[in-house]
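Structure first, then comments.
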Amino acid sequence: MNTALKRRKHILLLCLLLPLIFILLGLSSGSQSIDWLLNTDVGQTILWQIRLPRVLMAFLVGALLAWAGVLIQGMVRNPLADPGLIGVSGGAAVAAALFVVLQAAGLALPYWAQPIAAFAGGVVALLLVLRLGLQGSSLHAMSFLILAGIAVNVLASALIGLLSYMASDDALRQITFWSLGSLSGANWGWVGAMSAVLLGAVIFWPKRLRSLDALLLGEVEARSLGVSVSRLQWQVVIWVALCVALAVSASGVIGFIGLISPHIARLLTGAAHQRVLPLAVVLGGCLLVAADMLSRVIVAPAELPIGIVTTLLGAPLFIALMIREKKRLAW
Amino acid sequence: MVTPTTLIQASGLGLTRGGAAIVDDVGFSLAAGELVMLVGPNGAGKSTLMNMLAGLLRPDRGVLQFAAADTVSWQRSDWAQRVTLVPQLSPMNFPLSVSEVVQLGGLAHSTSVVELRTQVHEAMQAWDVHYLADRDVRLLSGGEQQRCQLARSWIQVNQADSQLWLLDEPLSALDLRHQQQCMSQIRQLTATGKSVLMVVHDLNLARRYADRVLLLCCGRLVADGPAREVLTAGQVTQTFCVETLLEGDYLHWV
């Protein structure tokens, strides 16, 4: 195991420096130079109203997805689990797509209600998954939960397919936004909401991280160590839903960040949550800021949907991790 | 000598799942400082009974008293402070190090960081895993993993409140030397007045070390008494369906 990053102060330093570097890089990349932004009135407006909230939102979305990833992987004791697994992002995307189609069909729905619909969709999907998956306190609850998540995700993609088929051209473009992800809707309102949730998580989770470590040993082991496992699982599920639904409402479905960030963090520091969580959250934020820079640069002045960028980079990485894991287990 | 006080008093314990009685009308007592071994064929209900005694499974029937107190209202943390369960090894998917795993043994009790560090050090020495401290637990051999798990529970069971150590086949992956070390640690622990209930499959080991043996078959308690009285050739032949002979003080199978 790599022990170079085991010391807490190294991680702390990394967690403070990385976001700063990446946010500055994100701010300075774009069609206009940072000089022009700082020295003209229009530039100032662009900097404060467009570029800064966008970069900050990229960081926050990445951080929330990574946080959800750490929690869900710990809960199902599988390092290859993804927060999308429990159906939240699928549900949110369906609700958003439905909203778009209804709007295009002439229903007078206010513009700002779309993210709220997405959030509601995420919560409904989650409740469905929980109803299917967490009924009773059977030892098999965890695998049922994942199967229920898969079922809800399949249903969600079928519904999105159906809605896309029925949609007008304009509505279709908006549905694409939700299923491919984009940060172009960034504003200070989202930045505020996400900061609040992140702050809440920072207050709530630290004293529960050792219980999560115990859960890694196994459910029986954790319970025999005094951890109230079902309560911990509920807490994880609620926070994952909150983080993912918020991220999806603001920026559509962005894959792989929640899967990859905890993985990289674990390669660097081992699996203890006290070190993995902060590092994964920072990495998730930085990765999404970097992916956003790429998405704006590759086909400039247009921009590629960010979900495509993260998936194109994330999928090969995921396959590489799987091969590595397979080799390890074959040993 | 002080008269042994009763730690566990179980009567009429029963658990039914899917229409079948997994544990049926089991009653026994356990004295403080006693080493009792639980033996029986596969599917006899040994692990289920252990889980009940650790408070992980609530019995459908019967009463379980712990130091004369009823356990019905106990919370998870109350159980963990008094009873330490070492379940059979389960696979691990995450790169925790040996010292990180051992350290989790302090979770049930509120120990200070400094104190815990000393306890981790001592436990790793006692279970001969100190030289593995920084190793990834997934890369250990079965026996090393078992010792790592035992070291973790050693911290929990050695806290002042902890009174009962439940071990589910703790010796299954250990080599001869570590089996002997394990038994001597258990003896040290019972000498301090804590009780140990362990599941074993080696009947000769049970005859040699146990103060008492509980023989379980098909969810029912078949026999309860001193090892040499319970594990007779006749009883073993009947319960395990294997022709058994006693030669000297050793059980042999034909």
Side-chain angles (χ1 to χ4, degrees), chain A residues 1-6 8 70 73-81 136-140 142 207-232 262-276 321 324-325 328-329 331, chain B residues 17 47 50-51 53-58 74-110 116 132-139 145 148-149 152-153 155-157 159 161-162 165-166 168:
Chain A
M1 192 193 301
N2 187 333
T3 52
L5 272 174
K6 286 220 130 176
R8 204 164 292 184
V70 170
Q73 289 177 358
M75 181 177 90
V76 302
R77 286 195 302 284
N78 189 338
L80 295 180
S137 63
S138 128
L139 283 172
H140 310 293
M142 233 3 82
K207 55 179 176 288
R208 292 171 172 86
L209 295 181
R210 285 189 73 211
S211 299
L212 279 176
D213 284 349
L215 196 53
L216 297 184
L217 301 175
E219 202 172 310
V220 173
E221 283 84 348
R223 292 180 69 200
S224 72
L225 284 166
V227 177
S228 172
V229 170
S230 54
R231 192 198 301 158
L232 187 65
H263 237 289
I264 301 174
R266 250 181 247 119
L267 286 178
L268 293 171
T269 76
H273 282 94
Q274 280 182 344
R275 293 191 305 272
V276 164
L321 286 171
R324 188 171 160 275
E325 196 77 355
R328 185 186 67 74
L329 291 171
W331 159 80
Chain B
R17 285 290 180 269
S47 297
M50 297 286 265
N51 282 339
L53 294 177
L56 299 182
L57 272 176
R58 201 173 281 272
W74 281 11
Q75 300 292 310
R76 198 54 261 135
S77 53
D78 297 322
W79 283 102
Q81 280 168 12
R82 293 171 176 83
V83 182
T84 302
L85 171 72
V86 183
Q88 292 175 37
L89 270 185
S90 51
M92 175 75 175
N93 285 327
F94 289 82
L96 283 177
S97 71
V98 169
S99 60
E100 283 165 347
V101 170
V102 173
Q103 195 218 311
L104 287 171
L107 196 60
H109 300 81
S110 42
L116 184 59
L132 301 167
D134 288 329
R135 287 269 289 277
D136 181 340
V137 281
R138 299 173 304 172
L139 303 177
Q145 281 186 28
C148 173
Q149 196 188 30
R152 164 171 65 72
S153 69
I155 292 182
Q156 193 180 354
V157 78
Q159 306 291 332
D161 308 348
S162 189
W165 204 15
L166 299 170
D168 201 345

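All chains are named by letter (A, B, ...) in the order of the sequence lines, taking the proteins before the strands, and each is independently numbered beginning at 1.
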Taking all atoms of both residues into account, what is the closest heavy-atom pair of [X] and [Y], and its distance?
X	Y	answer
A/R223	B/L56	NH2-O, 3.1 Å
B/L85	A/S224	O-OG, 3.6 Å
B/S90	A/L217	OG-O, 3.2 Å

Hey, what do you get for [atom1] ([X]) to [atom2] ([Y]), rounding to the nearest 0.5 Å?
X	Y	atom1	atom2	answer
B/N93	A/R77	CG	CZ	8.5 Å
B/R76	A/S230	CZ	OG	10.0 Å
B/W79	A/L225	CH2	CG	15.5 Å

Beyond-backbone contact of A/E221 with B/L104, side-chain heavy atoms, under 4.5 angstrom: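 Not in contact.
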
B/Q103 side chain near A/D213 side chain, heavy-atom distance below 4.5 Å: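 A side-chain contact is absent here, since even the closest heavy-atom pair is not under 4.5 Å.
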
Proximal component of B/Q88, with respect to chain A [non-hydrogen, under 4.5 Å]: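 The backbone, not the side chain.
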
Side chain / backbone / both / neither for B/Q75 at chain A, heavy atoms under 4.5 Å: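 Answer is neither: B/Q75 stays 4.5 Å or more from chain A.
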
Proximity breakdown for A/V227 and chain B, heavy-atom pairs closer than 4.5 Å: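 Both parts, backbone and side chain.
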
Best-contacting candidate, A/G218, A/S228, A/P79, against chain B by heavy atom pairs under 4.5 angstrom: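 Counting heavy-atom pairs under 4.5 Å, the top option is A/P79.
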
